[in-house]
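Only this structure's heavy atoms are used, side chains among them; waters, hydrogens and symmetry mates stay out.
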Amino acid sequence: DLETDFLEVEAAAYPTLEALRHDITAEDLPTGFDLVHARWMVNWLPDERQAQRRMMAALRPGGILLDEEPDFVTIHEAAEPPELRKVMRAVTLHLEAICPVNCEYGRHLLDDLISVGLTDTDAEARCAVVRGGSPAAADFLALSAEKLKPALLADYDVEVVRLIVV
């Protein structure tokens, strides 16, 4: 991780836990790890499979790679009311247009892990359905929409954006 401050504080309480500051896009990881964990990281990288190969190579024989990646399909396909779906779809499309992010990567993760040679591979998913007015919509989603408001106002229905960010 490039921002390890929180992890370093927590790891100090566990002598066998090591937090590393590392840029996986630029170099290989050290090797011999029992566990390599990534959360909401790989989907932001320009080459997901390169990162997964590097994480896999860092494992000792029998080690575990735990990669948790988001898939926002429920946010923009199942959120209620329909206006929230439209705004969140616009937010994810805009993010994908300006960043190297795949907002639906979670569904592709297992195939990518298998394609880079990981064996004994399994996957499970958790689905959150977001409703307008819920804490997720009122906080995280509204703040995301607010940050992207100028672009959303330029490219999407103003009234729908106003519903979320006003």
Rounded at 0.5 Å granularity, tell me how far CG in Asn102 sits from CG in Leu95.
11.5 Å
Looking only at heavy atoms, which two atoms of Met56 and Gly117 are closest? And how far apart?
SD-C, 3.6 Å
First locate atom CG of Leu59, then atom CG of Asp34, and finally report the distance between them rounded to the nearest 0.5 Å.
9.0 Å
Is Ile64 atom CD1 crowded by more than 12 heavy atoms from other residues, nucleotides or ligands, each under 6.0 Å away?
no
His108: partners by side-chain hydrogen bond (donor to acceptor under 3.5 Å, both in side chains), with sequence neighbours left out
none
By salt bridge (charged side-chain N to carboxylate O under 4.0 Å, His left out), which residues pair with Glu96, not counting sequence neighbours?
none
Is the shortest heavy-atom distance from the side chain of Gln52 to the side chain of Leu109 under 4.5 Å?
yes
Over all atoms of both residues, closest heavy-atom pair of Ala57 and Thr31:
O-CG2, 3.6 Å
Would a hydrophobic clustering, with Ile, Leu, Val, Met, Phe, Trp and Tyr connected at side-chain separations under 4.5 Å, put Leu118 with Leu110?
no
Quick check for you: to the nearest 0.5 Å, what is the distance between Arg60 atom CZ and Phe33 atom CZ?
12.0 Å
Within-4.5 Å side-chain heavy-atom neighbours: Asp47 and Thr25
no
Which one of Val116, Leu113, Leu65 satisfies the side chain to side chain contact (heavy atoms under 4.5 Å, CB included) criterion with Thr121?
Leu113
Asn43 side, atom CG; Glu68 side, atom CD - distance, nearest 0.5 Å
12.0 Å
Are Arg53 and Asp112 close enough for a salt bridge, meaning some N to O gap below 4.0 Å?
no
d(Arg39 CZ, Glu69 CD) to nearest 0.5 Å is 9.5 Å
Considering all heavy atoms of both residues, which atom of Ala58 and which atom of Pro30 are nearest to each other, and what is their separation?
CB-O, 3.2 Å
Heavy atoms only: give me the nearest Trp40-Trp44 pair and the separation to one decimal.
O-CD1, 3.5 Å
So CG of Asp5 and CD of Glu10: to nearest 0.5 Å the spacing works out to 12.0 Å
Who pairs with Arg54 by side-chain hydrogen bond (donor to acceptor under 3.5 Å, both in side chains), at least two apart in sequence or on another chain?
Asp28
